[in-house]
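Letters go in sequence order (proteins before strands), and every chain restarts at 1.
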Protein chains: 2
Amino acid sequence: MSLRERKKDKTRADLLAAALELFEKQGFAETTIHQIADAVDVSARTLLRYFPTKEDVVVSWVEEGMSVFLSSFADRPASEPAHVSLLASARAMLAHYQSQAEFYLTIERAIASSPAIRARKLEMSARLAEEVTELLRQRRGTAGGGDWQVLLYPALVFAMLRAVIGRWVAENGDRDLLALFDEASSLVTFAA
Amino acid sequence: MSLRERKKDKTRADLLAAALELFEKQGFAETTIHQIADAVDVSARTLLRYFPTKEDVVVSWVEEGMSVFLSSFADRPASEPAHVSLLASARAMLAHYQSQAEFYLTIERAIASSPAIRARKLEMSARLAEEVTELLRQRRGTAGGGDWQVLLYPALVFAMLRAVIGRWVAENGDRDLLALFDEASSLVTFAA
DNA sequence: AGAAATTTGGCACTGAGTGACTTTTGTGAA
DNA sequence: TTCACAAAAGTCACTCAGTGCCAAATTTCT
């Protein structure tokens with residue numbers, strides 16, 4: 001990894017750290033992009049090149065979790081029922097969260113604390129659900145899942161994920177994410 | 001109803017109409033608050049007194065639907081299982097949508113067309129889910145529902161609602177919302 | 001008609017975000 | 001090492017959303 005890339009990674013991480021600290025101390029709306037940038041000795045313009053919006057300084061980090069979901073999903077056999085693949089990939093993603101529990105706990109706390117950031121995350125999550133719907137549709141040539149499954153099941157699984165993560169955060173990460181997820185998913189049955 | 005109130009209602013409605021038209025023609029991001037206000041012969045300052053943000057010019061109108069959900073929910077017996085109440089109130093809300101199909105179709109189309117508006121709506125929907133969770137918790141003294149039901153079921157039902165409305169919009173309102181909802185809900189079973 | 005209350009407009013301001021241009025800094029070859 | 005090139009960072013000027021404040025207009029009530 002080149003010096004350039006290492007510096008970029010460091011700046012990204014520093015910006016996140018500074019943002020989290022300021023958001024916690026003063027709140028999201030009360031913190032300016034300029035303050036965050038100053039704390040890292042970088043211009044506001046540069047911050048906005050790293051992150052397209054103020055929300056993204058925090059929320060972009062959940063994309064990693066989402067890519068874990070997607071790559072797990074890609075590995076599932078196309079012959080598998082939709083809901084089985086989805087639940088398996090959800091568990092894979094949560095395992096990733098659990099493996100960096102402190103990190104994601106901090107981020108999710110910041111997300112939960114501000115309506116604006118939360119809105120952005122919900123939008124990302126909705127977009128991901130649509131992407132997964134599309135992937136399921138492409139399966140349909142081979143193994144199906146009706147029109148509804150393909151649309152509904154991703155939406156429901158992501159709603160479950162949000163609920164589970166929400167509770168995890170509310171309980172300060174005391175319990176295991178996968179255990180929480182299994183408790184939740186035992187209450188819902190998907191038609192095959 | 002006084003002249004003042006009638007005028008206010010008219011201005012609200014005019015602003016919505018102007019916004020929808022401009023958003024459709026040029027897109028949400030490309031339309032300024034000023035353009036919307038001009039189209040209604042009102043100052044931008046006034047627009048922002050009617051609607052706190054540009055997104056709200058469109059999205060605030062779904063609050064009516066939400067209040068239908070809530071008032072239906074309040075009428076359900078507290079002894080009823082959580083998911084029964086939730087599904088019943090969801091149907092009540094969709095019946096309201098269906099009764100003003102053209103109106104909601106137009107609005108939901110605009111919402112779907114812009115990530116920013118969609119994010120706002122998702123946030124509102126998440127907030128409503130939390131409110132309903134709170135109401136369910138208050139039931140628990142009398143008739144229960146475990147900790148998980150109370151958190152998870154509202155989240156899932158609202159996810160179902162979004163999926164159903166999404167499909168309804170995608171199909172141009174051709175099919176009946178309640179029929180769509182029943183199709184969707186037949187694929188999911190909630191543990192009692 | 002006229003005083004009181006409410007609504008609207010105008011203005012100045014902050015902060016997010018963008019585009020264009022210049023300066024700095026890392027990279028790769030001679 | 002040094003020098004040319006590319007990538008990144010900074011600067012500046014700008015647009016637009018949103019807010020607070022005060023003055024002008026409009027509605028309401030007497």
**Rounded distance (Å) that lies between atom C1' of C:dG10 and atom CG of B:Asp41** = 16 Å

**Request:** Give the nucleotide from the list C:dG17, D:dC12, C:dC11 with an atom nearest to the side chain of A:Thr53.
**Result:** C:dG17

**Prompt:** Could you give the CG-to-C1' distance, from A:Asp56 to C:dT18, as a whole number of Å?
**Reply:** 15 Å

**Item:** Separation between NZ of A:Lys121 and CD1 of A:Ile107, rounded to the nearest 0.5 Å
**Value:** 10.0 Å

**Prompt:** So what does A:Tyr50 touch, heavy atoms closer than 4.0 Å: a base, only the sugar-phosphate, or nothing?
**Reply:** sugar-phosphate

**Message:** Tell me the interatomic distance from B:Glu55, atom CD, to D:dA17, atom C1', rounded to whole angstroms.
**Reply:** 9 Å

**Prompt:** On the ring face of B:Phe73, is B:Arg139 found with NZ or CZ under 6.0 Å from the centre and within 45° of the axis?
**Reply:** yes

**Request:** Return the value, rounded to whole Å, for the distance between atom CD1 of B:Ile33 and atom P of C:dA16.
**Result:** 17 Å

**Complete:** Picking from D:dT11, D:dT27, D:dA17, the nucleotide nearest the side-chain atoms of B:Lys54 would be D:dA17

**Request:** Name the nucleic acid region contacted by B:Thr11, choosing base, sugar-phosphate or nothing; use a 4.0 angstrom heavy-atom cut-off, strictly under.
**Result:** nothing

**Prompt:** Does one hydrophobic cluster hold both B:Leu122 and A:Phe28, with members joined at side-chain heavy-atom distances below 4.5 Å?
**Reply:** no

**A:Thr32 side-chain proximity, nearest of D:dG18, C:dG19, C:dG15** = C:dG15

**Asked** Does B:Glu5 come within less than 4.0 Å of B:Lys8, counting only side-chain N to carboxylate O?
**Response** no

**Request:** Could you tell me whether the side chain of A:Arg49 has a donor or acceptor atom within less than 3.5 Å of a complementary atom in the base of D:dG10?
**Result:** yes

**Asked** Closest nucleotide of DNA chain D for A:Leu47 versus for B:Leu3: which of these residues is on the 5' side?
**Response** A:Leu47

**Request:** For D:dT27, take OP1 and OP2 only and decide whether either is under 4.0 Å from a side-chain N or O of B:Lys7.
**Result:** yes

**Prompt:** Nearest-Å distance, CG (B:Asp38) to C1' (C:dG9)?
**Reply:** 13 Å

**Sugar-phosphate only, base, or nothing, as touched by A:Leu48 at under 4.0 Å among non-hydrogen atoms** = base

**Asked** Under 4.0 Å between a side-chain N/O of A:Lys8 and OP1 or OP2 of D:dA8, yes or no?
**Response** yes

**Prompt:** Distance check: side-chain N/O of B:Thr46 vs OP1/OP2 of C:dT8, anything under 4.0 Å?
**Reply:** no

**Message:** If the test is salt bridge (charged side-chain N to carboxylate O under 4.0 Å, His left out), which one of B:Glu130, B:Glu123, B:Glu131 qualifies with B:Arg127?
**Reply:** B:Glu123

**Request:** On DNA chain C, check which nucleotide each of B:Ala44 and B:Arg4 is closest to and give me the residue with the more 5' one.
**Result:** B:Arg4

**Asked** Does any N or O donor sit under 3.5 Å from an N or O acceptor when you compare the side chain of A:Arg6 with the base of C:dG26?
**Response** no

**Fill in**
Here the distance between atom C1' of C:dT8 and atom CG of B:Leu15, to the nearest Å, is 13 Å

**Message:** Any salt bridge linking B:Glu24 with B:Arg109? Criterion: basic side-chain nitrogen under 4.0 Å from a carboxylate oxygen.
**Reply:** no

**Asked** Rounded to whole angstroms, how far apart are CG on B:Leu22 and P on D:dC16?
**Response** 14 Å

**Asked** When the distance from CZ of A:Arg45 to C1' of C:dT22 is rounded to whole Å, what number comes out?
**Response** 14 Å

**Item:** N or O in side chain of B:Ser2 less than 4.0 angstrom from D:dT27 OP1/OP2
**Value:** no

